[in-house]
Number of protein chains: 2
Amino acid sequence: MRERSKQAQAIRKLLEEAAGPMSANELWSASQENGIGIATIYRALKRGVEAGELCEANLPGSPTRYEPAGRTHHHHFLCSECHRAIDLHGCVPGLEAILPPQFTLTDHEILLFGLCADCSPAS
Amino acid sequence: MRERSKQAQAIRKLLEEAAGPMSANELWSASQENGIGIATIYRALKRGVEAGELCEANLPGSPTRYEPAGRTHHHHFLCSECHRAIDLHGCVPGLEAILPPQFTLTDHEILLFGLCADCSPAS
DNA sequence: AGAGAAGTGATAATCGATTATAAGTTATCC
DNA sequence: GGATAACTTATAATCGATTATCACTTCTCT
C-alpha cells in the first residue's frame, strides 16, 4: 500500500482547513499554484469517499461538495455573495413538528442563506 | 394577448394539484397521456417563471423543480423511495441560534428526508 | 376563408459536471 | 538501477439537463 500522493494530501489539507464543504471546482481553483489537474481532484475525491474519509454534501443549485467524514452533526450556510458554503455548528430542535403523520423521518438538512461575515456590510 | 394553451393549462393544473414542487421530467412523465413534448414543458415553465406565476425550488441533488408562486412560507420533504418532493407546512423557530456572529441571514430552507406516507411501512 | 402571430413536438445542439483515455512521471521493491 | 504498480496531467468523451431549430398546427382577427 502506498502513501497518499502529494496532490491527494494537498486536497485533503484544503478540505480539513476549509470553513465548509468544497466543490471539485473550488478545490481546483484553490490548488492552482500547485498545478493540480481537475481530473486529479475528481479522482482524489472519489477515492476519499470510497475510503470513507470524505463525504458528499449536496447543497441546492450547486455541484456536489465534499467534506472530511466523521465530523459532528452540523448544517450549512450559503453566502449569496462569495458563494462559499460554511459549516454551522449545532442544530435546531422541533423539526418533527412539521412532519406530516405517517411519514418516517431519517435525516434532515437546514440551510441558511445570506451574507457571510466577510461579505456582510461592516457593522 | 392570447389565452394559455391547452398544454400550458395542463402543466399548470398538475403543479396546482401536486403535493409538492415538480421537475420538468416529472411533469413530462405525468403528461404522457396528453402527448406533450418535453420542450413544451420547459417552455411553459420558463414562461411561468417570467410571468411570476411559478417559482423554482432547488432541492439538493435533483434538477430544478417548480411550484405555483405566492404560496405561504413552507419547506420540503424528500422521499428516499419514490423521490417525490412534498410540501411541509409551518416552520421551525430558533434558526438564528446557529447563525455565527457578523453573518446576515436573508433566507433559509429546511429539508426533511425519509419515507412519505405512501412509502412508509404500514403502521 | 386567409394572413399572421404564437404555440407545438421531435430532435439536434449546447452546457456544466464528471469520467475515461493515453502518454508520461513518481514511488516502491527487489 | 530497473521493473512495475500507482499516480499524474491534459484532453477527449460522456452524461443529464436544458435550450435552439425547424417544419407543422392552432388560435385570433378581419
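Naming: A, B, ... by sequence-line order, numbering from 1 per chain.
The two residues His83(B) and Glu26(B) have their closest heavy-atom pair at O-OE2, 3.7 Å. Nearest heavy atom pair, residue Pro68(A) against residue Cys55(A), reads O-SG, 4.3 Å.
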Tell me, with the steps shown, if Arg12(A) and Glu17(A) meet salt bridge (charged side-chain N to carboxylate O under 4.0 Å, His left out).
-> CA-CA 9 Å; Arg12(A) 186 63 194 269; Glu17(A) 296 173 351; over 6 Å; no
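One interatomic measurement links the two molecules: CD1 of Ile36(A) to P of dC7(D), which rounds to 14 Å at whole-angstrom precision. We find that CG of Asn34(B) is positioned 16 Å from C1' of dG7(C), with the value rounded to whole Å. Between Lys6(B) atom NZ and dT28(D) atom P there is a gap of 12 Å when expressed in whole angstrom units. Taking atom CZ of Arg4(B) as the reference point, atom C1' of dT8(C) lies 17 Å away to the nearest angstrom. Across the protein-nucleic acid pair, Arg43(B) atom CZ and dT19(D) atom P stand 11 Å apart, rounded to whole Å.
Under 4.0 Å is where a charged nitrogen must lie from a carboxylate oxygen, and between Glu56(A) and Lys46(A) no such pair does.
The ring of Phe103(B) has its center closer than 6.0 angstrom to the ring center of Phe77(A). The aromatic ring centroids of His89(A) and His75(A) lie 6.0 Å or more from each other.
Close to dG9(C), at under 4.0 Å from its OP1 or OP2, lies a side-chain N or O of Gln7(B). Within the 4.0 Å cut-off from OP1 or OP2 of dT8(D), at least one side-chain nitrogen or oxygen of Arg47(A) is found.
For the contact set between residues 49-62 of chain A and DNA chain C, defined by any heavy atom under 4.0 Å, there are no members.
Between dA20(C), dG9(C), dT8(D), one nucleotide has an atom nearer to the side chain of Ser5(A) than all others, and that is dT8(D). The side chain of Lys46(B) has dT19(D) as its nearest neighbour among dT19(D), dA10(C), dG7(C).
No donor-acceptor distance shorter than 3.5 angstrom exists from the side chain of Ser23(B) to the backbone of Arg65(B), with no hydrogens or angles considered.
As a member of the Ile/Leu/Val/Met/Phe/Trp/Tyr network built from side-chain separations under 4.5 Å, Ile41(B) groups with Ile11(B), Leu14(B), Leu15(B), Met22(B), Leu27(B), Trp28(B), Ile36(B), Ile38(B), Tyr42(B), Leu45(B), Val49(B), Leu54(B), Tyr66(B).
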Using atom names, set out every protein N or O paired with an N or O of nucleotides 16-18 of chain D below 3.5 Å, distance rounded to 0.1 Å.
| from | atom 1 | to | atom 2 | distance (Å) |
| --- | --- | --- | --- | --- |
| dT18(D) | OP2 | Tyr42(B) | OH | 2.6 |

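Between Glu67(A) and His76(A) there is a side-chain heavy-atom pair separated by less than 4.5 Å.
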